[in-house]
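In what follows, a structure is listed as structure tokens, so that the remarks can point back to it.
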Amino acid sequence: MAEVGQQHPIKVYFLVWGLLFVFSIASYMVDYFEFKEHLRWFLIVVFMLLKAGFIVAVFMHMKWERPTLITAILVPPLVLLVLMYLLAFEADYAWASRIVYFGGEVDPIPLPPPTHAAVPH
Amino acid sequence: MAEAAQTNQGPLTTIVDDWSSDVTTFKAVPWGKAMMWIFLLSDTFIFTSFLVSYMAVRMTQTDAWPYPSEVFSLEAFGTPVPLLLIAIMTFILITSSGTMAMAVNMGYRKRKVAVFWLMFATAMLGASFVGMQAFEWTKLITGEGVKAWQNPMGAPQFGSFFFMITGFHGLHVSAGVAYLLIVAIRVLRGKYDNTSFEIVEITGLYWHFVDLVWVFIFAFFYLW
Amino acid sequence: MATAEIPYQETAPLHHPKTWIGKYVFSQDHKVIAVQYGITAIAVGLVALFLSDLMRIQIAYPEFMDWFVEDYYYQAITMHGMIMVIYLLTAFLLGAFGNFTVPLMCGARDMVFPFVNMLSYWVYLISVIILLLGYIPGLGGPTGAGWTLYPPQTITEGTPGADWGIMTMLASLAVFIVAFTMGGLNYITTILQARTRGMSLMRMPLTVWGIFVATFLGLLAFPALFVSAIMMILDLKIGTSFFMPAIVSMGQTLAHDGGQPLLFQHLFWFFGHPEVYIVALPAFGVVSDLISVHARKNIFGYRLMVWALVFIGILSFIVWAHHMFVAGMHPYFGFFFATTTLIIAVPTAIKVYNWVLTLWKANIKLTVPMLYALSFVLTFIMGGITGLFLGNVIIDVPLSDTYFVVAHFHMVMGVSPILAIFGGIYHWYPKLTGRMLNDTIGKWHFWITFLGTYIIYFPMHYLGFIGVPRRYYENFDSSFYPASAQLLNEVITWTALFVGVAQLLYIGNLVHSYFYGKPAGDNPWGANSLEWCTPDTPPSHGNWGDKLPTVHRWAYDYSVPGSDKDFIPQTVPQGQSS
Ligand code: HEM
Ligand SMILES: [Cu+2]
């Protein structure tokens, strides 16, 4: 009879533990060095997904589960992407119409992030 | 046997086999674990709904959105370090995930005392996370004047979403701390001696999920 | 393939209570919980029925009830809608039918976590009580925002119940979702992990399939409602602006700014459309089984029926914005959602064809449950077809917010699932109590309800076409209404009152037969699925006595040529016939 529980060499856990720190520091650096725009987004999302992936795969043992459980848990959230895409798409439109109709009273362009040095504290 | 079944057939065949078999669909998955996974799936939809709402409202904002890395900076050695506290909190949560993973591992070796202390450590790390969150909230409320309904630095939704999402996550962490402590004490008292220690793994699933959510909050709230 | 890597797990140790309270009040037995769910749901359902009759009187005879002011009307319409959809239909189909059928039909001793299952009922009861607290006198009454609860109007002054009533409503919904989650996790886990030997998913009766897919939808859809309820409560009580834009209400600028009202609609319907299938799919399942049993023939295209359920379930997550065509959206999105909506009609139509083909040349027994099942198919076709109208953007825009929509969703989601519930109760009552219901009363109730609902809802399509708006308190000062509209409204109202009162027949039947009904025996309908194979009727705690049943075949071996009886229960080995 195969092992019921999830038992794996401790080494893997330490490895992932370390990796999570590395990715966290990396995404922190993205902010610290003030990457902008697409590059920033790209890096943030990549590091986020890497972290999430390792947590799910190793800490939550997804990697060692049978594909049945893996697909049953990971596939359904995909419908959320439709919601996200739709809301993001419509948001641009709502934003634009707010500018058009209330434009006089508000800042038409969101402020660019100020640099740290300029921040009075 | 499970291994053997996997090596000589592709994943698709395994999936079809499992879904068409009798008794259990998720082979070798105890009831509690299956239930926890499905619960987490449902919880994923809750957190995603929060985050997607945040995205929708933020993207339509015409008022200025404060720059989080500066709002959440902390004085260290006389200079403001951006996101210092958040960085510490992130590291704490990751560490707690690590101790939790070790607890699960020890559980399957039936090392009760080790399980207890590791879970206890996890709970303490979790509690300190909540403590720091409380500190962060206080700083934001009293220091910067950000309330759930107002924000001197621009769009009020900044505060609304911040308090709502981190608050909901904080509730999850707090519930997790209680859950961990209960299970840890039961383990120590020998409640699970005659059964397998799968309950530790189930608790672990929940705890890692809480960490997982934080990964997304960190990326979308603090780094956007 | 061999099945057990884990030792075969019969059940968690069952908790056998000694006291009466332990057995019948705080019971962990799925059958008792089912009955508790059922009774509570019917009780609130009667409240909703009463409210609807008040509204009908108001519509036909605006002068008749002086005390029934606008606010009362809006409150009635809101409470009616919400109670019917959530607290009656969802709770009954999943809470009552789900609890009763899932362990019995899968061959389990109980739900996997009976204690959580019990909590589910009590939390549900709390949610019902919170909901009804809205009616505490002196606090402004329940909310009158309509069951869709759209902000900003829901929480701005002038809407009835804008401070107290909406609070009870949202709180109650949140609590309901907690209750549902506890129950739902149990149903899913039981179906996936605790079936008996030989019970593969493709041997499960369609009732269980319907409940399974519906519960899954619930677990993924309710979160969106939960989140929007929390955000709305915060908008209301703390003064955040998630959904509230800058707004001038009654001459005053409100303290809100920058929120997104449309976001609420998206979240609501991201929940709301799956919700309609949460109600429809269990009804599909129940009806499939009723038709097959009472027509003594196997269900036509079983596999297709299962895949249709699954496919409908998946699709129902990507059609939600068809409820928002009038709210405006990018034309491509309108196109997308209209397309997905119309695609759903395909699996739905497959189901209808299969029901009809099951009946084709079958040995149809016009028992009372069969009558309900047949009428379900008819009303469902009716409502499904009007759904196709509404799924097209350009047809929807003028028809939206008219009585046409009211007709559509009452046919498809109001009347049909209720008919399925009636049929299901009638079918399983003998197993639950050991006695038959009274057929004469049953037939009277059936014909009154079936014909009555047609008289009520069919003319509403016409009313919609001539432009009668929905949710209006008073219509007939407007000159463009033809006289026919007023006449129809009166007919509808009288019928509605009559049908409403006639429901007492059914309830009376349930009570009367409990004491005086004919003894039913173990298997009065000659049905195959496992619940009819229990050693005791009513099944005792733990369902199966000493030994779990073993399943050898699907649940639809009726009228198999060459067998001595016209049914072969699932427990009979292949090659034998009884
Ligand atoms: C062929 C299948 C269906 C199609 C194409 C369809 C289409 C639609 C559309 C387009 C609307 C929006 C009408 C409007 O507000 O302007 C609608 C409303 C509605 N539908 Fe369906 N539908 C279908 C099946 C169902 C089913 C099976 C149910 C429930 C069991 C259902 C329940 C409802 C409800 C409750 C509403 C009204 C919601 C409200 O505004 O209060 N529909 N349907
Ligand atoms: Cu819909």
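Protein chains get the first letters and strands the later ones, always in sequence-line order, with residue 1 at the start of each.
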Work out which heavy atom in [X] is nearest to a heavy atom in [Y]; give both atom names and the distance.
X	Y	result
C:S241	B:S160	N-OG, 4.5 Å
B:T24	C:R195	C-NH2, 3.7 Å
B:A34	C:Q193	CB-CG, 3.9 Å
C:A194	B:W31	CB-CZ2, 3.6 Å

Heavy-atom side-chain proximity of B:D63 to C:D257 below 4.5 angstrom: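 B:D63 vs C:D257: side chains touch.
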Please flag which part of [X] lies under 4.5 Å from any non-hydrogen atom of chain B: side chain, backbone, both or neither.
X	result
C:M202	neither
C:D235	neither
C:L192	both
C:L234	side chain

Is B:A155 close to chain C through its backbone or its side chain, or both, or neither, when contacts mean heavy atoms under 4.5 Å?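 Neither part; nothing is under 4.5 Å.
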State the CZ-CE distance between B:F161 and C:M231, to the nearest 0.5 angstrom.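 If I round to the nearest 0.5 Å, the distance is 4.5 Å.
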In Å and rounded to the nearest 0.5 Å, what is the CG to CE distance from C:L185 to B:M35?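 That separation rounds to 5.0 Å.
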Quick check on the structure: residues of residues 36-59 of chain B within a heavy-atom distance below 4.5 Å of chain C, by number.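 Within residues 36-59 of chain B, near chain C: B:I38, B:F39, B:L41, B:S42, B:F45, B:I46, B:S49, B:F50, B:S53, B:A56, B:V57.
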Which atom pairs, donor and acceptor, lie under 3.5 Å between side-chain atoms of residues 212-230 of chain C and protein residues at least two apart or in another chain?
unit_1, atom_1, unit_2, atom_2, d
C:T215, OG1, C:I211, O, 2.5
C:S228, OG, C:A224, O, 2.8
C:S228, OG, C:L225, O, 3.1

Enclosure of [X] [atom1] (heavy-atom neighbours >12, cutoff 6.0 Å):
X	atom1	result
B:R111	CZ	no
C:Q574	CD	yes
B:Y192	OH	yes

